[in-house]
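Below, chain A is the first sequence line, B the second, and so on; all start at residue 1.
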Number of protein chains: 2
Amino acid sequence: MRVRIYPLALAKIVKHSTAYLNREVAGLLVGKSVGQVLEVWDAVTGEQYGTAAYVHLDEAVMTRVAEQLAEEGKGLYIVGWYHSHPGLTVFLSPTDIDTQKRYQSMYPKAVALVIDPVKYAQTRRISSLEFKVFQISKEGKVVALPVSIGVQRSKLLESTFHALGTFDVRQLNSESQGMTRSGPAAVEEDGFLGKAKKLFGMRNVYDG
Amino acid sequence: MRVRIYPLALAKIVKHSTAYLNREVAGLLVGKSVGQVLEVWDAVTGEQYGTAAYVHLDEAVMTRVAEQLAEEGKGLYIVGWYHSHPGLTVFLSPTDIDTQKRYQSMYPKAVALVIDPVKYAQTRRISSLEFKVFQISKEGKVVALPVSIGVQRSKLLESTFHALGTFDVRQLNSESQGMTRSGPAAVEEDGFLGKAKKLFGMRNVYDG
């Protein structure tokens, strides 16, 4: 499997992660599966709790995003998640592996994008971007997938139009209520799995 | 001369114009000249006064944008303007021609992008996009320039990162103070020309 990420999705992840260099941030990847390619059209975020080496995304974000995508009916669904490792380099920690396994148990093609925003924040050069997209293989190994930037004209425009419509600058530019709250929401494993199952199940409606 | 517009610039223009289908909206095109190609990397807007068939962009917007671009030092400058003709089709009115002549007198490569957002607002299909980019020829005729979508990878990412940084969703998503004020700012022709001359003059710093 390969990953194709469209520019505004990547730009939103870069913007989000470079805005918070002293703590991890996280969000969801939105896109679709086309043959052997997982296309990432958008990146969305919401309420979360992050420290220098940990981030928890409120599960309500996933519910909200999945519901919006279902309403839009554009054939887009949640295809994974992203999070930042500021200054820590790009890898999956044991906790990240557990999280990613949960995503893959719901949607086998789900991916984990990890970005270290520090170098890019210093140089603002494309060549300083440090990110990788991971999956867990059937053998339980962490595998970095080949990633390319989407440039096909109509998808480029469609993905940009879509991702611009879902972009909430207020969430990224300000330390708003959701972004700074002092503790994570209570998370029940069953709650996560139950909801995630329902949400990823929705993809079958689109992913024909 | 040809025009190459990068996706987020176009998406911002589409979003802005489709948000206001009962009045014209306007903004500035930001980019650079590369050989025979005028590249549009970003579209920015600000205080303006618009009716169903008229729009005036506050000249202070131009000053602010030019100053920001100069500070950033990325080699980007104001390369023209955009405005919408909701339901009126895409052309330059006599007033538009006068405005465009003023832009060209300051910066000969300046272009005017005109968009009719109505069909796209109804269908949300890329194929329904109706826009053209105009210039006034030396003979005084209105000429539509060939336009393509920029897809070169590094410029695609750079332009998207740049345009995401200047995007102020609040201006587009809400009828904020500046967007609805009931009268245009007083405009003196000398003031416009004087300021514009100074601002377009800045491009020489970059456009070497």
Side-chain angles (χ1 to χ4, degrees), chain A residues 4-19 40-45 71-76 115 117 120-121 123-131 147-174 176, chain B residues 4-19 40-45 71-76 115 117 120-121 123-131 147-174 176:
Chain A
R4 186 179 295 142
I5 187 164
Y6 283 88
L8 189 48
L10 181 57
K12 286 164 81 167
I13 295 168
V14 171
K15 185 180 171 95
H16 189 191
S17 57
T18 52
V40 179
W41 284 40
D42 193 12
V44 291
T45 188
E71 265 176 44
E72 286 170 17
K74 288 182 190 166
L76 299 172
I115 184 168
Y120 178 78
T123 66
R124 299 283 160 176
R125 285 165 185 247
I126 302 294
S127 57
S128 301
L129 281 179
E130 273 190 88
F131 73 97
V147 183
S148 63
I149 304 297
V151 298
Q152 195 255 317
R153 274 174 190 75
S154 65
K155 287 191 180 182
L156 188 52
L157 290 179
E158 277 177 37
S159 63
T160 305
F161 288 13
H162 172 84
L164 188 53
T166 65
F167 185 48
D168 188 346
V169 165
R170 286 164 302 180
Q171 288 186 321
L172 304 190
N173 283 349
S174 64
S176 67
Chain B
R4 185 180 295 140
I5 186 164
Y6 283 87
L8 188 48
L10 181 58
K12 286 165 80 166
I13 294 168
V14 171
K15 185 181 171 94
H16 189 191
S17 56
T18 53
V40 179
W41 283 40
D42 192 12
V44 292
T45 187
E71 264 176 44
E72 286 170 18
K74 288 182 191 168
L76 298 173
I115 185 167
Y120 178 78
T123 66
R124 299 283 160 179
R125 285 165 185 246
I126 301 294
S127 57
S128 300
L129 281 179
E130 273 191 86
F131 73 96
V147 184
S148 63
I149 305 297
V151 298
Q152 195 256 320
R153 275 175 189 73
S154 66
K155 286 191 179 181
L156 188 52
L157 290 178
E158 277 179 39
S159 62
T160 304
F161 289 12
H162 172 82
L164 188 53
T166 66
F167 186 47
D168 188 345
V169 165
R170 286 165 301 182
Q171 287 185 323
L172 304 190
N173 283 350
S174 63
S176 68

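Separation of atoms OG (A/Ser154) and CD1 (B/Ile149) is listed at 10.5 Å; rounding is to 0.5 Å.
Within the 4.5 angstrom heavy-atom criterion, no atom of B/Tyr6 approaches chain A. Residue contact with chain A, scored on non-hydrogen atoms closer than 4.5 Å, involves the backbone and the side chain of B/Leu8 alike.
The minimum heavy-atom distance between B/Leu164 and A/Lys15, with the atom names listed, is O-NZ, 3.4 Å. Considering all non-hydrogen atoms of both residues, B/Glu158 and A/Ile126 come closest at CG-CG1, 3.5 Å. Scanning all heavy atoms of the two residues, the minimum distance from A/Gly150 to B/Leu156 falls at O-CD2, 3.9 Å.
Counting only heavy atoms from C-beta outward, the side chains of B/Phe161 and A/Thr18 never approach each other to under 4.5 Å.
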